[in-house]
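Order of the sequence lines sets the chain letters (A, B, ...), proteins ahead of strands, with each chain counted from 1. A quick note: this is a predicted structure, and the numbers were derived from the prediction, not measured.
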Amino acid sequence: MGRSLARKFVERGDSVAVLGRDLEELQKSQADLQARGSPGVRVVSVKCDLEAPETFRASLEQAEQGLEGLDTVVVTAGLFATQEKLEQDPALAHKVLTVDFANTVVFCEEARKKLLLHGKGTLCVFSSVAGDRARKPVVLYGAAKAGLSAYLEGLDHKYRAQGLTTICVKPGFVKTAMTAGLPVPPFAGDPDEVAQIVIEGIDAGTPVVYAPRIWQAVMTAIKAMPRFVMRRAKF
Amino acid sequence: MTQRNPISGWGRQFVEGEELQPETLEGAPAVLFRGLGRSYGDSSLPAASSPTVVTTTRANRIIAFDPATGVLRAESGFSLADMNRTFLPRGWFTPVTPGTAYVTLGGMVAADVHGKNHHVDGCFGSHVRRLKMRVADGRILECGPDLERELFLATVGGMGLTGQILEVEFGLRRIPTPWIWQESEKVSDIDEYIAKLKEAAPRWPMTVGWIDCLAKGANMGRGFLMKGRWAQAHEAPARFPRELPHFTFPFTAPEVMLSQPAVKAFNFALYASHFQKKKVGLVDPFRFFYPLDLIHDWNRMYGKRGFTQYQCVLPDSAGQGAARRFLEVLTKRGGASFLCVIKDCGPESPAYLSFPRSGISIALDIAVRNDTQELVDALNEHVLGEGGRIYLAKDHFTRPEHFRAMETRLPAFQAVRDRWDPHHTFKSAQSVRLFGD
Ligand SMILES: Cc1cc2nc3c(=O)[nH]c(=O)nc-3n(C[C@H](O)[C@H](O)[C@H](O)COP(=O)(O)OP(=O)(O)OC[C@H]3O[C@@H](n4cnc5c(N)ncnc54)[C@H](O)[C@@H]3O)c2cc1C
Ligand SMILES: NC(=O)c1ccc[n+]([C@@H]2O[C@H](COP(=O)([O-])OP(=O)(O)OC[C@H]3O[C@@H](n4cnc5c(N)ncnc54)[C@H](OP(=O)(O)O)[C@@H]3O)[C@@H](O)[C@H]2O)c1
């Protein structure tokens, strides 16, 4: 989804810095975005590993320098594993909880400071519908995303008046590398479709963005289900 | 994750297999690659003995584009639809396009696709400068017309059997405007159609047409011939053509929709809707090149049993009346198809299994029925007698003995394939069916 979103940004003329852990891969993506971008668009790549929180500040700094300014930070990075795998492998569970919650929050804290320094900016972070209601297949991953969603809501309450717009994206099931091999449920979305909705959300400053949009209704229904139903439900 | 799912080509004949869709291709397992699955038959389907395939569509990055020369290099899962969206507004277009934009660069190379301009520009492969490939022994290497030429010529048109295409480099063409100047004309029978098609060749870079396969007797082969070229700046509006809205075919059609009377009425209405004998004017490139792309999933129109396409080339050496003789064989069997598309073909490519050769190509969609195998057999026997051959990218039913008899270049191809992949690591349902492995 990050790739789709970055393409939409450069196509409409926004300069973009791509952050990730594999520099060689990033440079390929940089070339792709450069070729697709409208004239004058600047694209830079910066190494940043969500498992190494001590590097976050420097990475953001590097991105800011490369772009000569920063008005929007988007976090699409995240880790997923099935509940089954996470239960069997405590180290993996710890990693997912750390990357998706603690480290993402620490990264956002750095981004918040940077954006507030300019007096204005948007922080858009991919959480998940899995954080909306605890469910059997996403007990651990969902808990991390629930924490992330709560943090993002808090940020929005506290800092919107000061100029920082926080956007919490809650994708439903989207067909990406992350969900490869999983059975595809109804209302599954495509990355391009999600990217379009997210861009509209960023432009409008919508605090919570469901994508595909239908998932807002789906989650409203799931949130309304009583506990005894959720205990029996398989989803 | 060894979950088996039904996988099919465009003709919706399913096999069970496991489909992987990685974002980078370098680390993919050594199995058959497939693109957007727009080949009709079983060329992109895994063999039963090797049930995994890798779909390339997530590896769709542009590696480099040189706006001075138009040379583009991209990952093999980059699609023509994406290319058109990105480069058509900048005045660049692919040198060769098939009749759908939902194909990948890898698929365009592996089938050595041709377009309406074959008589002047040849196939896609003749515009390719470099391929980055991974071959059976695990090496990643580059090939091209002047580098590992043998591997290159076997890979172009080689239906994925010589190795995995990772990246493709070729030259885009500058176009004067993003509009097409088209002249279309009603033709009253097959002989007139062929005469007009050949007459148009020296004057028009793009020609194509379709004929009504159900009309018999004096009307046999009535249809339309469309001729086109890119419009010059003084002929075209300055605005960029808008892509028409797309529709999705909503359900898998019941069989009555394909009954003879329904189809006859449809064909007649189409023919009658073209009032004038001749129409000239501007059209947008989407309608001109990709009329079928307007309806997503139109292949579901052919019902539960799916369909196949029969496409053959009848060489110049078959002489006068070859198209008429073909239609006679077809109509004698009760006209198995709505329409057929007849294109002009220029000289053969040096790529071992490239389909076109000087003559005409005939393509028809056939709903799968109990007698489809017999029909394809009969057409193949006829085509063999005319010295023609069929197109692997469309085929699902040809018998190996027929293919071997038609394809005199097959042993040379097999020798190269054996040299690069002695254990046939890369195979497809089609290669097992036609080549034994
Ligand atoms: C409506 C329609 C119109 C068409 N019109 C034309 C036409 O005018 N002219 C024409 O020539 N064809 C035409 N075709 C056929 C189509 O262009 C070819 O079948 C093309 O190969 C499809 O590309 P794909 O990406 O879908 O490949 P797939 O169908 O997925 O695969 C086709 C073959 O390419 C191989 N392959 C794909 N990617 C790779 C790779 N990266 N490395 C190695 N092997 C690979 C596969 O193994 C398979 O053998 C048409 C098809 C449709 C549906
Ligand atoms: N797909 C869905 O159905 C779905 C549903 C709800 C929420 N989401 C959320 O949406 C976001 C995007 O997901 P996606 O589906 O696009 O998944 P994806 O294709 O797997 O993308 C996730 C990205 O995160 C990166 N990443 C993982 N660990 C990292 C680390 N330690 N440091 C830096 N980058 C790291 C990965 O980089 P590498 O290439 O280096 O691995 C990958 O590019 C995620 O936060 C995900 O949780 C997805």
J.: Hey, are B/R130 and B/E169 close enough for a salt bridge, meaning a charged N less than 4.0 Å from a carboxylate O?
T.: no
J.: Out of the candidates B/R129, B/R134, B/K132, B/R73, only one should pair with B/E142 under the salt bridge (charged side-chain N to carboxylate O under 4.0 Å, His left out) rule; please name it.
T.: B/R73
J.: With a 4.5 angstrom heavy-atom cut-off, which part of B/E23 approaches chain A: side chain, backbone, both or neither?
T.: both
J.: Heavy-atom pairs under 4.5 Å with chain B - which of A/Q30, A/Q34, A/K28 has more of them than the others?
T.: A/K28
J.: With a 4.0 Å cut-off on N to O distance, would you call B/R139 and B/E148 a salt bridge?
T.: no
J.: Please check if the side chain of A/K85 supplies one atom and the backbone of A/A93 the other of a donor-acceptor pair under 3.5 Å.
T.: no
J.: Does A/K8 pair with A/E200 as a salt bridge, N-O distance under 4.0 Å?
T.: no
J.: Short question: side chain of B/S76, backbone of B/G106 - any donor-acceptor pair under 3.5 Å?
T.: no
J.: With a 4.5 angstrom heavy-atom cut-off, which part of B/D82 approaches chain A: side chain, backbone, both or neither?
T.: side chain
J.: Who in residues 83-104 of chain B is close to chain A, using a strict under-4.5 Å heavy-atom cut-off?
T.: B/R85, B/T86, B/R90
J.: Would you call B/R4-B/E16 a salt bridge at under 4.0 Å N-O?
T.: no
J.: Among residues two or more places apart or on two chains, list those pairs meeting salt bridge (Lys or Arg N to Asp or Glu O under 4.0 Å) that have a residue in residues 72-84 of chain A.
T.: none
J.: Using non-hydrogen atoms only, which part of A/E25 is less than 4.5 Å away from chain B: side chain, backbone, both, or neither?
T.: both
J.: Taking only residues at least two apart or on different chains, which pairs with a member in residues 60-83 of chain A satisfy ring pair (Phe, Tyr, Trp, His ring centres under 6.0 Å)?
T.: A/F80-A/Y141
J.: Report, by ascending residue number, the residues of residues 168-176 of chain A in heavy-atom contact with chain B at a distance under 4.5 Å; give 'none' if the set is empty.
T.: A/K175, A/T176
J.: Decide, yes or no, whether a salt bridge links A/R7 with A/D192 under the criterion of side-chain N to carboxylate O below 4.0 Å.
T.: no
J.: Is a donor from one side chain sitting under 3.5 angstrom from an acceptor on the other, for B/S44 and B/R34?
T.: yes
